[in-house]
Amino acid sequence: MESDWLYIGLFLVVGLIIPIVPLILSRLVAPHKPNPIKQSTYECGLETVGESWVQFKAQYYIFALVFLVFDVETVFLFPWALALGQLPLFVVLEGVLFIGILVAGLVYAWRKGMLEWA
Amino acid sequence: MTASQIVFLLSAALIIGSALMVVTTRKLVHAALWLVAALFGVAILYGLLEAGFLAVVQVVVYIGAIAILFIFAVMLTRKEMRDTGPQTRRSWPLAALLGLLVLAGLVFLVLDMPDVARTAVEIPAEVDTVGALGQALVSPEAYALPFEVASVLLLAALIGAVYIASGQKKE
Amino acid sequence: MNIPLSWYLILAASLFCIGLYGVLSRRNAIAILLGVELMLNAVNINLVAFWRYLDPAQMGGQVFAIIVFAVAAAEVAVGLALIISVYRSRKSVVADDIDLMKW
Amino acid sequence: MNLWNDPINFIAGWLRALLTGWGLSLDLAKIFIMLVGVGVLIVGSLVLAIFLVWVERKVVARFQDRVGPNRIGPYGLIQPFADIIKLIIKEDITPTTADKVIYNLAPVLALASVLFLWAVLPLASNIYGVDLNVAALYLVAAGALGTLAIIMGGWASNNKYALLGAFRMVATMISYEIPMVVVLLIPTLLAGTMSFRGIVESQAGAWYVLMAPLAMLIFLISAVAELGRAPFDLNEAESEIIAGFHIEYTGMKFGLFYAGELLHAFTFGGFVALLFFGGYQFFGLEKLGPLVAVTIFLAKAMFGYWVIMWIKYTMPRIRIDHLLAFNWKFLTPLALILLVVTALLHKLLAGLPLWGITLIMFLTNVLIAWVTVEILRAYGRKQRQAEEVLAPAGQH
């Protein structure tokens, strides 16, 4: 058990370090001749127009919101799915009720037109 | 000094350092990313405490969902990339003082607790904590009610948040 | 597994106080919510540490931690939605400026 | 314990004896052996990624009726190495307005989030990184880090097209994560465990694709969306937003994103094989030896990868509103219904023989698919009628 997590920890560290190696290699080998035009942001080959910080649609945020709630709820379902085998039928119905409440939220958002790209 | 103590101290340093950056850095996107680092440190602690399920859930929920939502919100409420103006209230020294006082009080309480230097009992190898968690969460004798209530809470949050964020479309 | 319980508790206490400082000192409402997240995580560390150190056979601590996840998600969802809604009408996310309801 | 039947333990035992012989303590030797294992797995998967560059180029050429790389080495096999050398010696340009640290961190995290997945992939019954008891959620967690990498890259470039691309990509990825997690619950539920080895072992009787073919389809679709490949590649819709979140990345940093994408596609092919096609099992053939099992697994993963490529090079791109509507109004409800039905059937049919369970579940899936198609057809008809009322024929 503990050694499992030790392995994961080592994996995370090594997995983060190894992708850096080609970057360092590239830094050593590649030419480096910066100039202002090269280093300006790229925009279809034209000069950059206006602020690079654009206000984007609030709809992205609505989807992220719905996602957050669903993400937490599906995470709750994992212990339920694991315990399913050892438990009586009405516990399964408990999970079904849980999913039903989840779907009610989805239906609400749908009916309110929140899932449209308005 | 054993291996797990070293891991604990490293992740504690990560958590405290990133948390300090969260509350002091000027750029809000950076603050959100430092929050991700702090939360990742907490996930390491859960791994150390052999609560594997919580460790991955921490990453899935906090880093995968909550941090993303924060970054979205920061970018939605900003006109430009750089944050301008003072980021703290004028009364920040008072807040710092209060924080330190609370910390001192809590540390005093913790050290005063009986048997606080205890070490953990071994979890027997055959005990499946993830399975036991599932059993506890859905069996009616244990936590079935909080389980259902949580879903109602999330439903309420979803409805409320979607209603507020979408703005009244009447106008 | 030879870390004393007090280490976890002190770490959680410091994290809580840093979060508290963030909540009290920040002007931006989103930054205040970031501080609240830190405080919730401090609580969770305590819950899980007590579960591990007192009685791992009882899953109470972990279940509570999971409920805290749900509460944190709900709090972030509603809190950020409020902030965005206020930003739309007042073009500001500074907590002090949001003083519509003074009574 | 011999080299043929249990190579990992054989080599580990040999290394342990060697290291303790040199005077290392047992714990240190264990950590060192783990480190060697981790290194071999990661370097192996990166070498695989290099090979995948060649596969991808060759296959897309065939789809487009070309020959593909064929100049360097037999069948152009050396071509990816030439590509890498080119990427390394290219000048690395960082925009002056970029947020340097985050800008440089993003590609590393993007590739690393894919590499992390290899820690839990069981290549054979005794060749795997770690048999985690929460592996299914670990898969989701690694995906969350990938999402973070994209938003970091898009934001740090300080380029509006990059930011827009990142937002589209992240909206797609998080949306399609929901049906993916829901259908991940189905093998978890059927196997009664989240460990991937447990899921593979429990498919010894019948592959889950027979019990839950719809779940397999949903997983495949959401995996493609998660990868950001066509038809879900609006992050890099060249005609609209140049190249998505990695516009500003050049040289090896772009290479990391690219390698990450290819390896991610292959890895998800592996996960489809693992969750629904019996992983390293193939009608008892895997018992010949672990190396045979690894070959079986990689072949299945390659098949999954090929299907993902097939989809990519056949389908046109979908518009973002259609894409999100497809997820939230179709895929997510369907996945939830499927989960409820599977859970109930799994519980009710517990006493039956395996073939009975499999048959009933398969038929139920077919029924659900049929009902869904009928509902969609009725909906489509209604939509068309509404369109015709609005715009009578001849007036377009």
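Being a predicted model, the structure only gives us computed values, none of them experimental.
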Given that the side chain runs from C-beta out, which part of [X] has a heavy atom under 4.5 Å from chain A: side chain, backbone, both or neither?
{"X": "B:F40", "answer": "side chain"}
{"X": "B:I159", "answer": "both"}
{"X": "B:I66", "answer": "both"}
{"X": "B:F147", "answer": "both"}

Distance-minimising heavy-atom pair for [X] and [Y]:
{"X": "A:V72", "Y": "B:V61", "answer": "CG2-CG1, 3.9 Å"}
{"X": "A:F78", "Y": "B:F53", "answer": "CB-CE1, 4.1 Å"}
{"X": "B:G64", "Y": "A:F67", "answer": "O-CE2, 3.6 Å"}
{"X": "A:W5", "Y": "B:G52", "answer": "CZ2-CA, 3.3 Å"}
{"X": "B:E148", "Y": "A:E94", "answer": "OE2-O, 2.9 Å"}
{"X": "B:G134", "Y": "A:A83", "answer": "C-CB, 3.6 Å"}

Relative to chain B, which segment of [X] carries a heavy atom at a distance below 4.5 Å: side chain, backbone, both, or neither?
{"X": "A:Y108", "value": "side chain"}
{"X": "A:L82", "value": "side chain"}
{"X": "A:L12", "value": "side chain"}
{"X": "A:I62", "value": "side chain"}

What is the distance from atom [atom1] of [X] to atom [atom2] of [Y], rounded to the nearest 0.5 Å?
{"X": "B:L155", "Y": "A:F98", "atom1": "CG", "atom2": "CZ", "value": "10.5 Å"}
{"X": "A:D71", "Y": "B:L154", "atom1": "CG", "atom2": "CG", "value": "10.5 Å"}
{"X": "B:S151", "Y": "A:L97", "atom1": "OG", "atom2": "CG", "value": "6.5 Å"}

Query raised in the report: Between A:L65 and B:F72, does a side chain to side chain contact (heavy atoms under 4.5 Å, CB included) hold up when you go through it step by step?
Result: CA-CA 10 Å; A:L65 206 65; B:F72 272 33; over 6 Å; no
